[in-house]
A.B. asks: 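Have a look at the structure that comes next, please.
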Amino acid sequence: MRESRLFQILYQLLDQERTTAPALATALEVSVRTIYRDIDALSEAGIPVYAEPGRNGGIYLMSNFVLDKAILSNDEKQDILAAIQNLSIANPDYAQDTLQKLSALFQTSAHDWYEIDFSRWGDKPQDHQKFESLKHAIITCTAVRILYANSSGACEERLVYPLKLLYKAKNWYLKAFCTAKQDFRLFKLSRIIRYTLLEETFPPTAYPQETQRSAQNAPDGTGEEHSIQVRLRFSKEAAYRAYDEFDEHQIIRLENGDLIACAKVPPGEWLIGYLLSFGTQIEVLEPAFLRDMLARQAKDIWEKYTN
């Protein structure tokens, strides 16, 4: 416990450069006397930490002190290198350079045991360029004009203030403030057909927490608070697709190999299209109104092709 507290003190001093014993005592929930004992322990261990009394005093480290790489375990080093590998999504050149420097510092190499690629099949350069451009716009608070394909089938131009990139449910989204709607919105990256970074800038803005947002601000006007409970029956031939979309605890396997999946999903036109993508390999058991909607859509499709 004490060793953990000593490291926390050291990390705070590295981050803040100078602090006070009362501030450390409050942050670590110990007494000021305990902090001074810990400072003595760090000093005895060879850490150049100093405590100066007086109004302008405080606790600080020697200005040229560098944290010794030896305090990190091999597992911690691998975790750090793995985290740097993740940066290759946003900036491959920067990540590779940082990875080489840290590998040399740690005197170890990162295990190349996984790869992350958010781009679609066959569209890697364009998707990476879009991601990089939007990342730049977020960091520099630059407005972006986008051509967006919404769920109703229309392509609309929007002037947005990009705030954050979000990866959720196997898709990338742009969290942004939409000037046309005068509200915060989520835009699916794959539906951003064109984009242009403008000269206009905006003040740094925080995107509201999900609990503060209404359903109409979610993608396509839906939100978890308006989700519906569905029961779906997958044929055994499509069983593998059920595991693509649902967790194991949401699935019941029947004796004949079929699967029953129960989950809450947001309603909308996307849901009809998603269910139709399974063809005859899926049956909606509940709710009844969704069965009716799917039946009417299937009938319209049949009439379209038979006529």
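This one's a predicted model, so the numbers in the text were calculated from it and none came from an experiment.
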A.B. asks: Any heavy-atom pair between the side chains of Leu254 and Ile260 that's under 4.5 Å?
C.D. replies: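 Ile260 vs Leu254: side chains touch.
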A.B. asks: For the side chain of Lys130 and the backbone of Leu189, is there at least one donor-acceptor N/O pair under 3.5 Å apart?
C.D. replies: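 Yes: the side chain of Lys130 pairs with the backbone of Leu189.
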A.B. asks: If you compare all heavy atoms of Pro162 against all heavy atoms of Ala143, which two are closest, and at what distance to 0.1 Å?
C.D. replies: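 Nearest pair, atom of Pro162 first, then Ala143: CD-CA, 4.4 Å.
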A.B. asks: Is Leu186 close to Lys175 at the side-chain level, that is, under 4.5 Å between some pair of heavy atoms?
C.D. replies: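 Contact flag for Lys175/Leu186 side chains = yes.
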A.B. asks: Could you give the distance from OG1 (Thr140) to CG (Leu197), rounded to the nearest 0.5 Å?
C.D. replies: 6.5 Å
A.B. asks: Do Ile139 and His136 touch side chain to side chain, with heavy atoms closer than 4.5 Å?
C.D. replies: no
A.B. asks: Provide the closest heavy-atom pair for Arg158 versus Ala180 in the form atom of the first, atom of the second, distance.
C.D. replies: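 So the minimum-distance heavy-atom pair works out to CD-CB, 4.4 Å.
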A.B. asks: side-chain contact (heavy atoms from CB on, under 4.5 Å) between Tyr148 and Arg191: does it pass, once the steps are laid out?
C.D. replies: CA-CA 6 Å; Tyr148 189 71; Arg191 295 184 188 171; 3.5 Å; yes
A.B. asks: Ile193, Leu134: one ILVMFWY side-chain cluster at the under-4.5 Å cut-off?
C.D. replies: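 No.
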A.B. asks: Are Tyr274 and Ile272 connected in a single hydrophobic cluster, I mean Ile/Leu/Val/Met/Phe/Trp/Tyr linked by side-chain heavy atoms less than 4.5 Å apart?
C.D. replies: yes
A.B. asks: Does Ser133 use its side chain to pair, donor to acceptor, with the backbone of Gln129 at less than 3.5 Å?
C.D. replies: yes
A.B. asks: Tell me if the CD atom of Glu29 is crowded by more than 12 foreign heavy atoms within 6.0 Å.
C.D. replies: no
A.B. asks: For Phe289, which residues count as a ring pair (Phe, Tyr, Trp, His ring centres under 6.0 Å) partner, sequence neighbours excluded?
C.D. replies: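 For Phe289, no residue satisfies ring pair (Phe, Tyr, Trp, His ring centres under 6.0 Å) once neighbours in sequence are set aside.
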A.B. asks: Testing the basics here: between Asp258 and Asn256, what is the closest heavy-atom pair and its distance to 0.1 Å?
C.D. replies: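 For Asp258 and Asn256, the tightest heavy-atom pair comes out as N-OD1, 3.0 Å.
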A.B. asks: Same cluster for Ile251 and Leu285 if Ile/Leu/Val/Met/Phe/Trp/Tyr side chains link at under 4.5 Å?
C.D. replies: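 No, because Ile251 and Leu285 fall into different hydrophobic clusters, even though each may have its own neighbours under 4.5 Å.
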A.B. asks: How long is the straight-line distance from OH of Tyr60 back to OG1 of Thr19, given to the nearest 0.5 Å?
C.D. replies: 14.0 Å
A.B. asks: If you look at every heavy atom in Ala51 and Ile59, which pair is closest and at what distance?
C.D. replies: CB-CG1, 4.2 Å
A.B. asks: Would a 4.5 Å heavy-atom cut-off, applied to side chains only, mark Pro287 and Val230 as touching?
C.D. replies: yes
A.B. asks: Just how far is it from atom CD of Glu157 to atom CZ of Arg145, taken to the nearest 0.5 Å?
C.D. replies: 5.5 Å
A.B. asks: Under the criterion side-chain contact (heavy atoms from CB on, under 4.5 Å), I'd like the reasoning laid out for Gln297 against Met293: C-alpha separation, chi angles, the key distance, then a yes or no.
C.D. replies: CA-CA 6 Å; Gln297 188 72 26; Met293 290 175 63; over 6 Å; no
A.B. asks: If you take all heavy atoms of Val160 and Ala176, which pair is closest and at what distance?
C.D. replies: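 Minimum heavy-atom separation between Val160 and Ala176: CB-CB, 4.0 Å.
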A.B. asks: Determine whether Phe131 and Leu147 fall in the same hydrophobic cluster, where Ile, Leu, Val, Met, Phe, Trp and Tyr are linked whenever their side-chain heavy atoms lie under 4.5 Å apart.
C.D. replies: no
A.B. asks: Taking the side chain as every heavy atom from C-beta outward, state whether Leu275 and Leu290 have any pair of such atoms under 4.5 Å apart.
C.D. replies: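 Yes - at least one pair of side-chain heavy atoms lies under 4.5 Å apart.
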A.B. asks: For Ser235 and Phe278, what are the C-alpha separation, side-chain angles and deciding distance, and is it a side-chain contact (heavy atoms from CB on, under 4.5 Å)?
C.D. replies: CA-CA 10 Å; Ser235 68; Phe278 291 91; over 6 Å; no
A.B. asks: Please determine whether residues Phe234 and Ile252 belong to a single hydrophobic cluster, defined as Ile, Leu, Val, Met, Phe, Trp and Tyr linked transitively by side-chain heavy-atom distances below 4.5 Å.
C.D. replies: no
A.B. asks: If I compare all heavy atoms of Thr205 with all of Pro203, which pair ends up nearest, and what's the gap?
C.D. replies: OG1-O, 2.9 Å
A.B. asks: Taking the side chain as everything from C-beta on, heavy atoms only, tell me whether Val144 gets closer than 4.5 Å to Ile192.
C.D. replies: no
A.B. asks: Within the 4.5 Å heavy-atom criterion, are Leu232 and Val284 side-chain neighbours or not?
C.D. replies: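 Yes, side chains in contact.
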A.B. asks: Could you check whether any side-chain N or O of Thr179 sits under 3.5 Å from a backbone N or O of Leu159, counting only pairs where one atom can act as donor and the other as acceptor?
C.D. replies: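 Confirmed, Thr179 side chain pairs with Leu159 backbone.
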A.B. asks: Among Tyr173, Phe177, Tyr161, find the one that has a ring-ring contact (aromatic ring centres under 6.0 Å, His included) with Phe184.
C.D. replies: Phe177
A.B. asks: Taking salt bridge (charged side-chain N to carboxylate O under 4.0 Å, His left out) as the test, write out the residues that go with Arg291, two or more places apart.
C.D. replies: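 Expected list: Glu283.
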A.B. asks: When rounded to the nearest 0.5 angstrom, what is the spacing between NZ in Lys188 and CG in Leu174?
C.D. replies: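 So the NZ of Lys188 and the CG of Leu174 are separated by 14.0 Å.
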A.B. asks: Quick one: name the residues clustered hydrophobically with Tyr36, using the 4.5 Å side-chain heavy-atom rule over I, L, V, M, F, W, Y, and just say none if it's on its own.
C.D. replies: Val32
A.B. asks: Could you check if a side-chain atom of Val49 sits within less than 4.5 angstrom of a side-chain atom of Ile9, using non-hydrogen atoms only?
C.D. replies: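 The answer is no; the side chains never approach within 4.5 Å.
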A.B. asks: Between atom OG1 of Thr34 and atom CG of Leu24, what is the distance when rounded to the nearest 0.5 Å?
C.D. replies: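 Those atoms lie 12.0 Å apart.
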A.B. asks: Any chance CZ of Arg18 has more than 12 other-residue heavy atoms, nucleotides or ligands included, within less than 6.0 Å?
C.D. replies: yes
A.B. asks: OG1 of Thr306 to NZ of Lys304: how many Å apart, nearest 0.5 Å?
C.D. replies: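 Between Thr306 OG1 and Lys304 NZ, I get 11.5 Å after rounding to 0.5 Å.
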